[in-house]
There are 2 protein chains.
Amino acid sequence: MAAVTDRRAGILQIIVREYVETAAPVGSRTIHDKYGVPASPATIRHEMQALEEEGLLEQPHTSAGRVPSDLGYRYFVESLMGQADLPVDEQATIRHQFFQAAPELDEWADLAAGLLARSLGLLALVSPPRSRELRVKHLELISLNDLLALLVVVLREARVLKQLVPLDGAFAQADLSLMAARLNERVSGRTASELRLATDAEDANEQRMLETLTGILREESAREAAVRVEGVAGMLGQPEYREDHTSALDIMNLVDQRATERVVPMGSLERGGVSVVIGDENPAFELQHCSVVVAPYGDQADMSGYVALVGPTRMHYGRGVATVRYLSSLLEEMMERVYG
Amino acid sequence: MAAVTDRRAGILQIIVREYVETAAPVGSRTIHDKYGVPASPATIRHEMQALEEEGLLEQPHTSAGRVPSDLGYRYFVESLMGQADLPVDEQATIRHQFFQAAPELDEWADLAAGLLARSLGLLALVSPPRSRELRVKHLELISLNDLLALLVVVLREARVLKQLVPLDGAFAQADLSLMAARLNERVSGRTASELRLATDAEDANEQRMLETLTGILREESAREAAVRVEGVAGMLGQPEYREDHTSALDIMNLVDQRATERVVPMGSLERGGVSVVIGDENPAFELQHCSVVVAPYGDQADMSGYVALVGPTRMHYGRGVATVRYLSSLLEEMMERVYG
DNA sequence: GTTAGCACTCTCGCATGGAGAGTGCTAATC
DNA sequence: GATTAGCACTCTCCATGCGAGAGTGCTAAC
């Protein structure tokens, strides 16, 4: 069993790049002519055989060229691809757009997903950051009409939750503001779990508000983050799905069902870095012909989301990783800068 | 040019129903055997020829059965389909889910889109209601840190907008609350355009807040409503897109680009009813092999959204119209009931 | 007006047969 | 031993042809 010599690595690299670009199996002649490898096609074929024995290449059928295997892509990503950053001008363009946008976590997630999807022509998923532990910053009660008030809760990270609350009896806005002030003294700065311990109120209406508040918080932390999905059309435009309709359908089903946990298993995320999951490494069977490039962002346990790219295994890993890395770090920086 | 006799209408109806179900051209034998029409296949063929001359049927090729033309579907929808309501048990199931959900416009839109898409296996678009004229109900300032406050604006329809506002100088929450109280006196109950006239403040910080407020309102009313899209997978699963990859791609592009105005031209919406746009009646060329079933909901000019269903022209119009009608009326009822 | 019979047309599936691409093997060469 | 030229081999792809099947339109009889 021969090792992966330098020349073989070079050939593998050429095959990956060429195949990513053309989506057609790569033959020895192309490698020789187009890339000027100083060896005859016959020699290159020898090397390709060796690479196939290593499990890094595959042949769709006897007389087609070679195609990288999942293992081949893995080798490419690990050892050949390098760690080039996004070109500075692209960085600047992206950065500019973020500073133009409204300083909103959800807005940023939208923007990031759109940029990522358009840049790669693939499926992008961005989850806005969620804190594990919701901490109340402030609370307000607004009278809508005689029977109905709106409870507005501002969380520490400037997120706003709201809930309609039926009232028994008429309350003027002034009464409600007073009640809100009293409640704020008790709840502001507290987390959901701290609140649960200290729910004792003299007034029935205040008691009700407190219960509503804990209800909202409980519901909110149970709710899955509304993941932004972009680039369905681009994904469907990939040549692999032009014929093979079923696998495209499977993927869309996965996305439609909001089963994003299966697409991006949060457990597998390496902190502070970009993870690449290639083909059959993927736990979800629908994605075993796909690769996922994903990076978490946000601080450790508290406010975290992720930026993910989903495409066929034949994707531009260099560009994908660079873009995902830049976006995740930019999102983190924006959060820091604005909400820090 | 023969008229559309009763028997011909019956045959057209059978062809529509059969084709909608099987997606295969319908022949005279099928009509005779499966539907027990009291006429021989030869006679039925005669009638089908007449219907083809009327432009209501088409032949994919010489020796296939017939398929309804766009005009044929139009005739079916207009004269043959009837106006059956959704079965009461389905109504009850849907209703139940709405009352379970949080009383939020956006939440309802999500729910409606999901239900519609799943019920028909097609693409559903639901726009949450947007009021033309934004009216401020209440405003609040929350101190996040020394340099940053959060401006929270509650609109009359209980929608909440927010914006980060940088501060020059330190303000305690008490100061901000006081400022908010002063501002509320000036802005609450006002629309964006009314505010624009009356922006005069003594204090520089208050002036800034007022400007921020009008900015938010301007931005918000310029922003397109975030339309809920569901059922991509179901749509792609339709037999028409199994082969014809391009048109599926075109449709997804349209949806991805947020070009929902082209999918659902708001101008064409008939108030208080369900509109059906069939095939080439559609202004967007990407949708000329699709039909759109759409109903607006909400009160006249003020708070309005729509419920829309997009599918191939071969869709179950009866079920589609009934579901869209029920959902739009239910959404309107929910709005009335909760926000009245 | 309706119907049976029949020839006709068109699609679909399948087999056939190059043409082309790319390989693996062998034997000669550096 | 590594490299290379030469060549037979294999497999896909595409165009062609053919038969089966489906459904029609036409004609003539009822």
Side-chain angles (χ1 to χ4, degrees), chain A residues 1-12 14-15 18-19 22-69 72 239-240 242-244, chain B residues 1-12 14-15 18-19 22-69 72 239-240 242-244:
Chain A
M1 188 167 284
V4 181
T5 61
D6 279 2
R7 186 166 69 183
R8 283 179 196 161
I11 289 174
L12 175 58
I14 289 174
I15 292 176
E18 177 73 10
Y19 184 59
T22 64
V26 185
S28 54
R29 169 168 233 93
T30 314
I31 297 175
H32 178 78
D33 292 359
K34 188 165 166 186
Y35 290 86
V37 169
S40 76
T43 310
I44 294 173
R45 282 203 289 281
H46 263 303
E47 299 292 57
M48 293 201 293
Q49 261 177 316
L51 285 165
E52 189 166 354
E53 273 169 32
E54 294 291 321
L56 301 176
L57 290 182
E58 279 170 357
Q59 245 177 326
H61 52 84
T62 316
S63 143
R66 296 317 205 282
V67 160
S69 68
E240 7 276 293
R242 205 166 283 276
E243 304 300 317
D244 180 10
Chain B
M1 188 168 284
V4 181
T5 62
D6 280 1
R7 186 166 67 181
R8 284 178 196 162
I11 288 173
L12 175 57
I14 288 173
I15 291 176
E18 178 73 10
Y19 184 59
T22 64
V26 186
S28 54
R29 170 168 232 91
T30 314
I31 297 176
H32 177 79
D33 292 358
K34 187 164 166 186
Y35 290 86
V37 170
S40 77
T43 310
I44 294 173
R45 282 202 291 279
H46 264 300
E47 299 291 59
M48 292 202 292
Q49 260 177 315
L51 284 166
E52 189 165 355
E53 274 167 31
E54 294 291 324
L56 301 177
L57 289 183
E58 278 170 358
Q59 245 178 326
H61 54 83
T62 319
S63 146
R66 290 330 200 276
V67 160
S69 68
E240 8 275 293
R242 206 165 284 274
E243 305 301 317
D244 180 12

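The figures that follow rest on heavy atoms only: side chains count, while hydrogens, waters and symmetry mates do not. If you're wondering where the values come from, they're calculated on a predicted model, not measured in any experiment.
- Across the interface with DNA chain C, nearest-nucleotide mapping of A:T30 and A:Q49 shows A:T30 to be the residue nearer the 5′ end.
- Not a single donor-acceptor pair under 3.5 Å links the side chain of A:S28 to the backbone N or O of A:I44.
- One atom, CZ of A:R45, and another, C1' of C:dT26, lie 12 Å apart when rounded to the nearest Å.
- Here the C1' atom of nucleotide C:dT3 and the CZ atom of B:R7 are 11 Å apart, to the nearest Å.
- Partners of B:E52 under the salt bridge (Lys or Arg N to Asp or Glu O under 4.0 Å) rule, at least two apart in sequence or in another chain, are B:R66.
- On the nucleic acid side, DNA chain D has its first and last nucleotide under 4.0 Å of a heavy atom of chain A at D:dT3 to D:dT12, going 5' to 3'.
- Side-chain atoms of B:R8 come within 3.5 Å of backbone N or O of B:A3 as a donor-acceptor pair.
- Of all heavy-atom pairs spanning A:H32 and A:S40, the tightest one is ND1-CA, 4.1 Å.
- When each of A:E18, A:M48, A:E47 is paired with A:I31, the side chain to side chain contact (heavy atoms under 4.5 Å, CB included) condition holds for A:M48 and for no other.
- Across every non-hydrogen atom of A:V67 and A:P60, the tightest pair is CG2-CG, 4.0 Å.
- If you check residues 55-68 of chain A against DNA chain D, the residues with a heavy atom closer than 4.0 Å are A:H61, A:T62, A:S63, listed by number.
- Rounded to an integer number of Å, the gap from B:I11 CD1 to C:dT2 P is 10 Å.
- Closest heavy-atom contact between A:A9 and A:V4: N-CG1, 4.0 Å.
- The shortest non-hydrogen separation linking B:P239 to B:A23 is CG-CB, 3.9 Å.
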